[in-house]
Every structure is written in C-alpha cells, then in structure tokens.
Asks: 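Below you'll find the structure I mean.
Being a predicted model, the structure only gives us computed values, none of them experimental. By convention here, the first residue in the shown sequence is residue 1.
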Amino acid sequence: MPLKAKLRLTLRRLWRPLGRARRSRGFGVHSPFAFRFITLVLRDSRSVYYSTGKIRDFAAGRRRRRNLAMLFRIVCDRKPQTLVLPPDLPEAERRVIHMADSRLQPITPAEALTLPAGSCRLFICLPELSAENLQASRRVLSSEDSTLVLLRADSHRLATLKDGLDHIMTFTNGKYAVLVSRHGLPMQNFEINF
C-alpha cells in the first residue's frame, strides 16, 4: 500500500472518534428530530426517571445500568402501540421495557408478520439481527413511526435490513444500533457515543 494511502487511512482512523464525540453532543446534526433524539434520549444521563432506583437494583455494573436506562428512555420517548420481543431477549431488557410501559403486551416476531403493514406504531428489541428476525424487522421498519433497537449491531446485517427502505435514521455506536422509521425523515446514519 502506498505511503499516501496509509497516511490517509491513519488520519481517518484518528478522526472518526473525534467526529463521533462531536455528533454525540449534537454538533453537526441538522435534523431537529435527530438532534432531540441524540441529546435528550440517547445521551441524557442527567435526568432521573422513576425507574433509576429499580434498574440499579437488578442490573450489575455501571455500563449495564446505563444501557438499560437508555432502553427505558427510548421506550418512553417512542410510545409504541405494539411491542415485538423475541423469546431470547434477556430478562433485564424485558423488565425495563415493561417498567417503561406496562400496558403493552409483547408479541413474537412471527406474530408481527401477521400484522397488516403500516398498521400501528411498533417497537422491537432484538439481541441481534438473526436471519429469522430479519423479515419481521423489515415489516416493523416499513410501518409508520416505528423503532428497532439492536443490542448487538452488525454493519453487514444493518445494510441488508435498510436495503430498499428510504425513511430510516440509524444511530449506532458500533455495538448497539437504534433505527427509527418515520415517514418524512431523510435516510441518515449517525455514529455517536451513547
């Protein structure tokens, strides 16, 4: 590899975390929806919700508690009408989602395939995007105002999932991904720290 290409690659690797840190605080984010979602939902660790003490009781480790609190804030912000949860979702995530909105009765990804497309505001939380859940995830994202949270994000599967959908904003930190589908939103990808 020529020296110029190596230097360019090295600079890109150094710049990427700096750009991610800037966007994490809202700099360079021009969409009002994305700015609000990043600053008030994904990154807001200062607000004390009624669930903070309960999450602390059943989640070990600071990072784990922070991720569960973020999941709680996402459910509270998005206000889903239907909840799609696979059977292999960890119990802590199930409890946090239930605390955020206890009225929701979860359905499985297979049951989500039977819903009419675009029928209601959906929320789906997956441990990872497996081949079995890919079809249900595409159905969820094609409906109006829906959200998909991936606890382990894979860039190849994310690209496969978003293929053909033109109104999705993706927020990722390399490990987790939050995809928000809402008609009228431009297709944008945000690499941020959360």
Asks: Could you check whether atom NZ of K162 has more than 12 heavy atoms from other residues, nucleotides or ligands sitting under 6.0 Å from it?
Replies: yes
Asks: Can you tell me how far apart CZ (R66) and CZ (R43) are? Round to the nearest 0.5 Å.
Replies: 8.0 Å
Asks: Following the transitive rule for hydrophobic clusters with a side-chain heavy-atom cut-off under 4.5 Å over Ile, Leu, Val, Met, Phe, Trp and Tyr, establish whether I38 and M187 coincide in one cluster.
Replies: no
Asks: Please report the shortest heavy-atom distance between P186 and M169, naming the atom on each side.
Replies: O-CG, 3.6 Å
Asks: Using side-chain heavy atoms (C-beta onward) and a distance below 4.5 Å, is N67 in contact with Y176?
Replies: yes
Asks: Shared ILVMFWY cluster between F37 and L40, side chains joined below 4.5 angstrom?
Replies: no
Asks: Report yes if some heavy atom in the side chain of T172 is under 4.5 Å from a heavy atom in the side chain of V178; otherwise report no.
Replies: no
Asks: Does CD in Q135 sit with more than 12 non-hydrogen atoms of other residues, nucleotides or ligands closer than 6.0 Å?
Replies: no
Asks: When the ring planes of F190 and F171 are compared, do they come out parallel, tilted or perpendicular, using 30° and 60° as the limits?
Replies: parallel
Asks: Would you indicate whether the side-chain heavy atoms of V180 and T170 approach each other to under 4.5 Å?
Replies: no
Asks: About how many Å separate CG of L150 and CG of L158, when rounded to the nearest 0.5 Å?
Replies: 6.0 Å
Asks: Side chains of R157 and L134, heavy atoms from C-beta outward: is any pair under 4.5 Å?
Replies: no
Asks: Salt bridge between R78 and D145, side-chain N to carboxylate O under 4.0 Å?
Replies: yes
Asks: Pick out which of L85, L83, T82 makes a side chain to side chain contact (heavy atoms under 4.5 Å, CB included) with I107.
Replies: T82
Asks: Taking V140's backbone N and O only, do any of them form a donor-acceptor pair with S146's side chain (distance below 3.5 Å, no angle check)?
Replies: yes
Asks: Where do P109 and A136 come nearest, in terms of heavy atoms and distance?
Replies: O-CB, 3.5 Å
Asks: Looking at every non-hydrogen atom in both residues, tell me the closest pair between S31 and Q188 and how far apart they are.
Replies: CB-OE1, 3.9 Å
Asks: Give, for atom CZ of R138 and atom CG of N133, the distance between the pair rounded to the nearest 0.5 Å.
Replies: 14.0 Å
Asks: Is the shortest side-chain heavy-atom distance between K54 and M99 below 4.5 Å?
Replies: yes
Asks: Would you indicate whether the side-chain heavy atoms of I97 and C125 approach each other to under 4.5 Å?
Replies: yes
Asks: Side-chain heavy atoms nearer than 4.5 Å, only ILVMFWY residues, links allowed to pass through others: does that put L113 and L141 together?
Replies: no
Asks: Determine, step by step, whether L68 and F58 satisfy the side chain to side chain contact (heavy atoms under 4.5 Å, CB included) criterion, reporting the C-alpha distance in whole Å, the side-chain angles of both residues, the deciding distance to 0.1 Å, and the verdict.
Replies: CA-CA 10 Å; L68 289 173; F58 67 85; 4.3 Å; yes
Asks: With rounding to the nearest 0.5 angstrom, report the CG to CD1 distance, L148 to I168.
Replies: 8.5 Å
Asks: Stepwise, does the side chain to side chain contact (heavy atoms under 4.5 Å, CB included) test hold for L151 with E93?
Replies: CA-CA 10 Å; L151 304 180; E93 279 77 1; 3.8 Å; yes
Asks: Which heavy atom of K175 sits nearest to which heavy atom of N173, and what is that distance?
Replies: N-OD1, 2.9 Å
Asks: Under the side chain to side chain contact (heavy atoms under 4.5 Å, CB included) criterion, do D154 and L129 qualify, and how do the steps go?
Replies: CA-CA 8 Å; D154 173 15; L129 191 59; over 6 Å; no
Asks: Look up atom CZ in R95 and atom CG in D57, then write down how far apart they are to the nearest 0.5 Å.
Replies: 8.5 Å
Asks: Can you confirm whether H98 is buried at NE2, in the sense that more than 12 heavy atoms of other residues, nucleotides or ligands lie under 6.0 Å from that atom?
Replies: no
Asks: Evaluate whether atom NE2 of H183 has more than 12 neighbouring non-hydrogen atoms of other residues, nucleotides or ligands under 6.0 angstrom away.
Replies: yes
Asks: Where the side chain of R73 meets the backbone of V41, is there a donor-acceptor pair that is under 3.5 Å apart?
Replies: yes
Asks: Would you compute the distance between atom OG1 of T147 and atom CD1 of I74 and round it to the nearest 0.5 angstrom?
Replies: 8.0 Å
Asks: Begin from the C-alpha positions of I55 and V96 and carry the test side chain to side chain contact (heavy atoms under 4.5 Å, CB included) through to its verdict.
Replies: CA-CA 7 Å; I55 291 173; V96 165; 4.1 Å; yes
Asks: For the residue pair M70 and L42, establish whether any side-chain heavy-atom pair is separated by less than 4.5 Å.
Replies: yes
Asks: Are Q81 and L104 side-chain neighbours, meaning at least one heavy-atom pair lies under 4.5 Å?
Replies: no
Asks: Which atom pair, heavy atoms only, marks the closest approach of A59 to R64?
Replies: CB-CG, 4.1 Å
